[in-house]
Each structure stands twice: as C-alpha cells, then as structure tokens.
Amino acid sequence: MTRRTLLDFFHDTTGATDQRSSTAHRPPSADFLIYDDGYRTWTWTYTDVARHAHAFAAMLRAERIAHGQAIAIWSENRPEWIAALWGALIEGVVLVPIDYRASSDFLRKVAGIVDAKAILVGDVVDAEAFGAERPVWRLHDVFRDSADPVSRVPHADDELGPDTTAEIIFTSGATAEPKGVVLTHRNILANIVPIEREVAKYRKYMGPFKPIRFLNLLPLSHMFGQAMATFVPPMLEGLV
C-alpha cells in the first residue's frame with residue numbers, strides 16, 4: 001500500500017487505473033455516492049467519480065488554471081463536490097472549501113486572499129453575489145456534460161509530491177480576518193493512512209455487512225466531514 005500522495009489513494013480506491021490495483025478491494029462499478037435534493041436522487045459509482053474527476057481536471061487545464069493556483073468551492077454537500085476535489089488534486093490546483101452557510105462577503109475575502117481563479121457554487125448559495133468579479137461555475141453545469149468517458153489526465157511527478165498543497169481551509173475565527181490553514185498531501189495522508197491500515201485487518205469479516213452505509217451530515221468544507229464522505233468509505237467498500 002503505497003501512499004506518496006492522495007492520488008495514490010484515489011487510483012487504488014476508485015479503480016482509476018488501466019488495471020485494477022492489487023489494493024483495490026471493491027469493484028469500481030459499485031455504488032459510492034447517493035444524493036437526494038428533495039426532488040430527485042442521483043447515484044454515482046466509484047467509476048463515475050473517477051470519470052468526472054478526470055473531466056474536471058481536463059477542464060481546469062483548458063481554462064489554464066495551473067498547478068499551485070487556487071479555486072474556491074462554496075456549495076452544499078453533493079457528489080460534484082467530491083469530483084471537483086479529486087479533479088483539482090489531479091491537476092495540482094489548490095481547493096479552498098467554504099461552508100455553504102458562510103456569507104458571500106466572507107467568500108469574497110477568502111477569494112481575494114488566495115487569488116482564486118474561479119469559484120464553484122452549489123444550488124443553495126447566492127451565486128449572483130459576485131457579479132463578474134471572478135469566473136463562477138455552477139457545479140451542476142460543470143458536471144452535466146462530463147458523463148462521457150474522457151482520457152485520464154496524467155499529473156507531472158516532478159510537480160506533485162507529498163508536500164504539494166492540496167487544500168487551504170479557512171476559519172473566520174472569533175475576532176478578525178479569515179485565517180487559512182495550508183494542508184499538504186502529506187498532512188491529509190497522515191490522518192487517513194493509519195485508519196486505512198487498521199481497517200485492512202478487519203476487511204475479511206465485512207462480507208455480511210456490505211455495503212457499509214454512511215449518512216454524512218457534516219459539511220464537506222470541514223476536514224472531518226470530508227474524510228467521512230471521501231476517504232473512509234472506500235476503505236470499507238462503503239456507500240455514502
């Protein structure tokens with residue numbers, strides 16, 4: 001189990017490689033994410049997530065958003081959020097998550113601090129609050145046309161490494177300006193690799209309980225909520 005960057009985890013757990021990895025322990029066609037907005041339900045498989053992530057990485061490249069530059073995401077929890085995270089990681093683009101309950105003023109401050117090249121928005125936030133200040137991409141539009149197979153987007157090994165910045169998590173604090181915490185691939189792997197190692201010891205007993213189902217009510221903009229929707233379920237052949 002090699003985990004140099006988060007993409008090693010991504011390729012193994014989503015089947016996003018030309019051949020199924022020896023560490024992948026569920027079929028890529030298995031259901032992964034279920035999202036209900038109150039009107040209809042969407043189901044994405046592990047393969048769907050990988051395909052959408054590569055499509056988004058290709059879009060970032062086409063938009064000339066380069067390695068080390070930042071994009072912000074201001075959205076409720078939804079499958080497209082997770083695909084956007086992986087797509088940004090593939091390209092080495094820094095994702096800056098903002099809680100969808102935060103104000104547009106807060107997001108505007110953060111976008112200025114990180115010089116966000118674009119803002120991804122969900123359906124429950126005020127996307128009109130930014131005008132033409134920065135490109136604003138609606139998640140449901142970005143991923144609507146990315147269902148067809150796309151070529152996998154390779155990442156440059158000399159640019160992406162354990163100390164590459166993966167995300168910047170902001171908090172408003174109690175008193176003053178937003179404060180950002182820079183998280184590298186190594187930082188996030190330090191949390192998920194020990195869990196993955198322990199889970200592996202008990203995987204052989206999970207047969208009667210598959211698929212393990214998760215109900216995630218925590219915002220993806222917080223690392224614990226992100227881990228419980230993005231990183232932990234694949235270790236357990238989980239369904240979120």
Side-chain angles (χ1 to χ4, degrees), residues 4-11 16 49-75 78 80-100 102 104-122 125 127 129-143 145-146 150-172 177-189 219-223 226 230:
R4 181 173 174 270
T5 71
L6 287 166
L7 293 188
D8 295 321
F9 179 86
F10 173 68
H11 293 317
V49 171
R51 184 168 61 245
H52 284 293
H54 280 283
F56 185 60
M59 176 181 170
L60 291 172
R61 185 169 295 186
E63 294 290 333
R64 301 186 182 279
I65 299 178
H67 176 99
Q69 294 181 325
I71 59 173
I73 183 166
W74 188 38
S75 170
R78 54 191 303 137
E80 297 95 330
W81 203 112
I82 293 174
L85 167 64
W86 285 119
L89 291 171
I90 289 169
E91 276 296 278
V93 171
V94 179
L95 193 74
V96 183
I98 304 296
D99 193 313
Y100 72 94
S104 58
D105 286 341
F106 177 76
L107 176 55
R108 191 176 289 107
K109 287 182 181 179
V110 169
I113 291 170
V114 302
D115 189 21
K117 302 305 179 185
I119 299 172
L120 288 161
V121 297
V125 298
F130 306 103
E133 204 174 318
R134 300 175 191 273
V136 176
W137 301 339
R138 292 185 179 273
L139 282 169
H140 70 263
D141 290 334
V142 168
F143 291 94
D145 299 323
S146 65
V150 295
S151 299
R152 293 183 179 88
V153 179
H155 63 273
D157 289 335
D158 58 341
E159 290 187 344
L160 191 65
D163 295 317
T164 298
T165 300
E167 300 182 56
I168 302 178
I169 306 293
F170 274 82
T171 173
S172 60
E177 294 298 310
K179 304 172 185 67
V181 178
V182 177
L183 297 177
T184 66
H185 285 248
R186 190 193 306 273
N187 293 148
I188 299 173
L189 286 171
L220 290 171
S221 54
H222 294 184
M223 284 309 301
Q226 195 178 118
T230 309

Find out whether Asn187 and Glu167 are in side-chain contact, i.e. whether some heavy atom of one side chain is under 4.5 Å from a heavy atom of the other. no
Side-chain contact, heavy-atom cut-off 4.5 Å: Val121 with Leu139? no
Does any non-hydrogen side-chain atom of His54 lie less than 4.5 Å from one of Ile90? yes
On a heavy-atom basis, the closest approach of Val93 and Ala66 is CG2-O, 3.7 Å
Does the side chain of Trp86 come within less than 4.5 Å of Leu6's, by heavy atoms? yes
Find out whether Ile73 and Pro97 are in side-chain contact, i.e. whether some heavy atom of one side chain is under 4.5 Å from a heavy atom of the other. yes
Which heavy atom of Ala116 sits nearest to which heavy atom of Ala72, and what is that distance? CB-N, 4.1 Å
Distance-minimising heavy-atom pair for Leu120 and Ala84: CD1-CB, 3.8 Å
Check whether any side-chain heavy atom of Lys117 sits under 4.5 Å from a side-chain heavy atom of Glu63, and report yes or no. no
Would the distance check show the side chain of Gln226 and the main-chain N or O of Leu220 forming a donor-acceptor pair, the cut-off being under 3.5 Å? yes
Taking all atoms of both residues into account, what is the closest heavy-atom pair of Thr5 and Gly161, and its distance? CG2-C, 3.7 Å
Parallel, tilted or perpendicular, as decided by the 30° and 60° cut-offs, for the rings of Phe143 and His52: perpendicular
Do Thr230 and Leu85 come close enough that some side-chain heavy atom pair is under 4.5 Å? yes
Whether the side chain of Trp137 engages the backbone of Ile119 through a donor-acceptor N/O pair (distance < 3.5 Å, no angle test) should be reported. no
Any donor-acceptor pair under 3.5 Å from Arg78 side chain to Gly122 backbone: no
Considering all heavy atoms of both residues, which atom of Gly68 and which atom of Val94 are nearest to each other, and what is their separation? O-CG2, 4.0 Å
Mind checking the CG-CG spacing from Asp8 to Leu189? Nearest 0.5 Å is all I need. 8.0 Å
Nearest-0.5 Å distance, OG of residue Ser221 to CH2 of residue Trp81: 6.5 Å
Are any of the side-chain heavy atoms of Ile188 and Phe9 separated by less than 4.5 Å? no
How close do Ala166 and Leu89 get, counting heavy atoms only, and between which atoms? CB-CD2, 3.6 Å
